[in-house]
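Taking it in order: structure first as structure tokens, then the write-up.
Note on naming: letters A, B, ... go to the chains in the order of the sequence lines (proteins, then strands), and numbering restarts at 1 for each one.
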Amino acid sequence: MSNLLQIHNLTKYYVKQVGWLKQQRICALDAVSFTVRQGETVAIIGETGSGKSTLIKLIAGIDTPHAGSIALNGTLLKPYDYKSRCQQIRMIFQDGLASLDPQRNIGQQLLEPLRFNTDWPLAKQHQHVLATLERVGLLAEHFDFYPHMLASGQLARVCIARAILLNPLVIVADEALSALDPSIRAQIINLLIDLKKEMGVSFIFSSHSPELVRHLADKILVLHHGKMLEFDTTVTLITKPKQPLTQALLHMENLRKSV
Amino acid sequence: MKTKHGIYYQFKAPSPLLMIWREFHANPISVAAYYLLAVIVLAMLLAPILAPYSPEWQFTDVIYLPPAWHPEGEMRFVFGTDDLGRDILSRVLYGAWYSLGYPLIATFIAAFIGTTIGAWAGMSRGVQSSTLTHFLDVVLTIPSLLLALVIVAIFGPSLHTVMIAITLVLIPQFIHSVQNAVYTQRAKEYVIAARLNGCSRSYILRRVIFPNITSVIVVQLTFALSTAILDIAALGFLGLGVQSPAPEWGTMLARSLDHMYLNPWSMLLPGLMLFVTVLSINILGDNLHRAIQQQERLS
């Protein structure tokens, strides 16, 4: 298996206005580089404010980095080039309700990526959307539903459907599962694992939950204040973590039990 | 799109617009205002059929005639006649064209121009956007009637000038509210999702942002309409707007003011119509706004 996604020296600042003319730079990501192979699942863990969301946003293309590059299959991705990026990298949003337009029904919103990225006839687009809805465990009649009529689990499924619609190479998710109930969360995790097996897609996600990370991830990336602390396979990091922070993050449930 | 409906969901998904309408329809006051305005608009459109006489025809034998229910009134002139013997009912009906029709046209033109510029300003960022915002803030500090007065004072009083003045005065409010709405919408997650779907900018503006800011535009539209009606009437009252033979409500009020002690009736109908029209438009706008907010809270 070859390297699919190469991330090199990715750096991002947030500029904060201090007083009149003075600006303070807050470093959200500091020279992060790693590679993801095809079909690999990478978990990004770290404390709140360690740059997990920023990294996900940069990979998905919502934000542009100040330095560094993201290359997919050896070709560099240009910032703001959504047309070519969105066919290969798709994002699952955290809040299903907020990321779906309340004024249009599910079907119209799922047709959108097909309309702009394929030259299929309309009938084929409809068919593909219905097939995808069924693939993520929804019914064909959900096509006509508006987002506020669906439950949170169904919304998460719609978001996943939107992500897999274009058969991407990479799917990124920013705490996509943290807002769900435990039982629904388990269903969605199983769905993601099934889809990953079927499609051979690389999955990059950030999470606060050590159980989920250990269950799902092949590799773990530990961020601390925007710097990459460790990047290794899950087994190595669980058994022989080099940093105390990794140890703390991955064995949080021990802490919880002791409290 | 036709889908087979299963056993679980037996209702048809109501669209957000339909839900707003239902919410709006549940309130009796808003429904009353809605039908009142509908009747007024209908009367305006059917004025040539409904009006018994021409608005400018002078019956020299019946000057200062009180309404029909008054002992001295005549059934021929239901609301009486004015100082030149013109039928007040006909004048008010035809006057609706000046006092409601022209404000409507001015409002829609202003809404179109203002929404276009506002959407452009909302989608742009940096110097372009902030220049426009600050310029508009300066314009918005001047009261609309004063601004209209200045424009009329420069170009001279006539119907065209008043129309242009009112339209120009209304545009900044539309730009301001639409720009703000677009700006807030741009940060929403579904707009970001649409951007990540590879949609073009114009598609995002038309299909994603615009349906979500319709509420803002509709509410602004009703407020602008009542402003336009009042401004045109005020300009007419001051003698700066539509000129005298034309049966504009504000002009009629100003004229009847001179004969208030001789014939107080001639003030009644134009003033009442102005009051009822503006009141129903304001109630309509308020309740529409409330219904839209309610629907947004539910969804």
Side-chain angles (χ1 to χ4, degrees), chain A residues 57 60-63 80-87 89-118 122-123 126 129-130 133 139-150 158-159 162-163 165-166 168 172 174, chain B residues 1-23 123 125-126 181 184-218 292-299:
Chain A
K57 274 183 192 162
I62 296 176
D63 255 340
Y80 293 126
D81 183 11
Y82 301 114
K83 274 261 183 249
S84 59
R85 188 190 287 245
C86 68
Q87 295 179 19
I89 302 180
R90 298 290 284 167
M91 178 159 174
I92 301 174
F93 285 85
Q94 178 180 7
D95 187 350
L97 196 56
S99 70
L100 289 166
D101 186 352
Q103 299 289 333
R104 292 180 299 159
N105 60 26
I106 303 295
Q108 284 171 319
Q109 297 186 50
L110 291 183
L111 281 171
E112 207 174 75
L114 294 178
R115 182 182 151 171
F116 280 94
N117 296 298
T118 60
L122 202 63
H126 273 272
V129 167
L130 293 181
L133 277 177
L139 301 168
E141 63 211 50
H142 285 121
F143 190 96
D144 287 332
F145 274 49
Y146 287 88
H148 69 265
M149 307 169 88
L150 298 178
V158 172
C159 287
R162 178 163 64 183
L165 210 55
L166 290 168
V172 294
D174 186 10
Chain B
M1 180 69 215
K2 225 172 151 53
T3 49
K4 200 167 78 240
H5 278 256
I7 51 168
Y8 297 112
Y9 308 102
Q10 293 176 350
F11 60 94
K12 180 92 181 79
S15 72
L17 263 179
L18 191 65
M19 282 171 69
I20 291 173
W21 173 246
R22 281 183 189 164
E23 188 68 41
M123 289 300 270
R125 56 175 104 193
T184 5
Q185 286 292 322
R186 250 178 41 177
K188 298 263 175 168
E189 249 179 32
Y190 50 79
V191 178
I192 295 172
R195 220 157 43 134
L196 291 185
N197 280 345
C199 303
S200 62
R201 274 165 70 95
S202 72
Y203 178 90
I204 291 180
L205 190 62
R206 279 184 294 113
R207 292 295 170 82
V208 186
I209 294 182
F210 200 71
N212 282 295
I213 63 167
T214 343
S215 61
V216 178
I217 295 173
V218 165
I292 289 162
Q293 274 185 337
Q294 186 75 20
Q295 190 265 340
E296 274 170 3
R297 213 169 28 242
L298 285 178
S299 66

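- Looking at B/S200, the atoms closer than 4.5 Å to chain A (heavy atoms on both sides) sit in the backbone and in the side chain alike.
- Counting only distance, with no hydrogens or angles, the side chain of B/Q185 and the backbone of B/V191 share no donor-acceptor pair below 3.5 Å.
- Formation of a donor-acceptor pair under 3.5 Å by the A/R90 side chain with backbone atoms of B/L196 is found in this model.
- Side-chain contact check for A/P168 versus A/I89: every heavy-atom pair is 4.5 Å or farther apart.
- Ranked by non-hydrogen atom pairs under 4.5 Å with chain B, the options A/N117, A/L166, A/N105, A/I62 are led by A/I62.
- For chain B, no part of A/Q108 is nearby; none of its heavy atoms comes within less than 4.5 Å.
- A donor-acceptor pair is defined here as one N or O able to donate and one able to accept, closer than 3.5 Å; such a pair exists between the side chain of A/Q109 and the backbone of A/R104.
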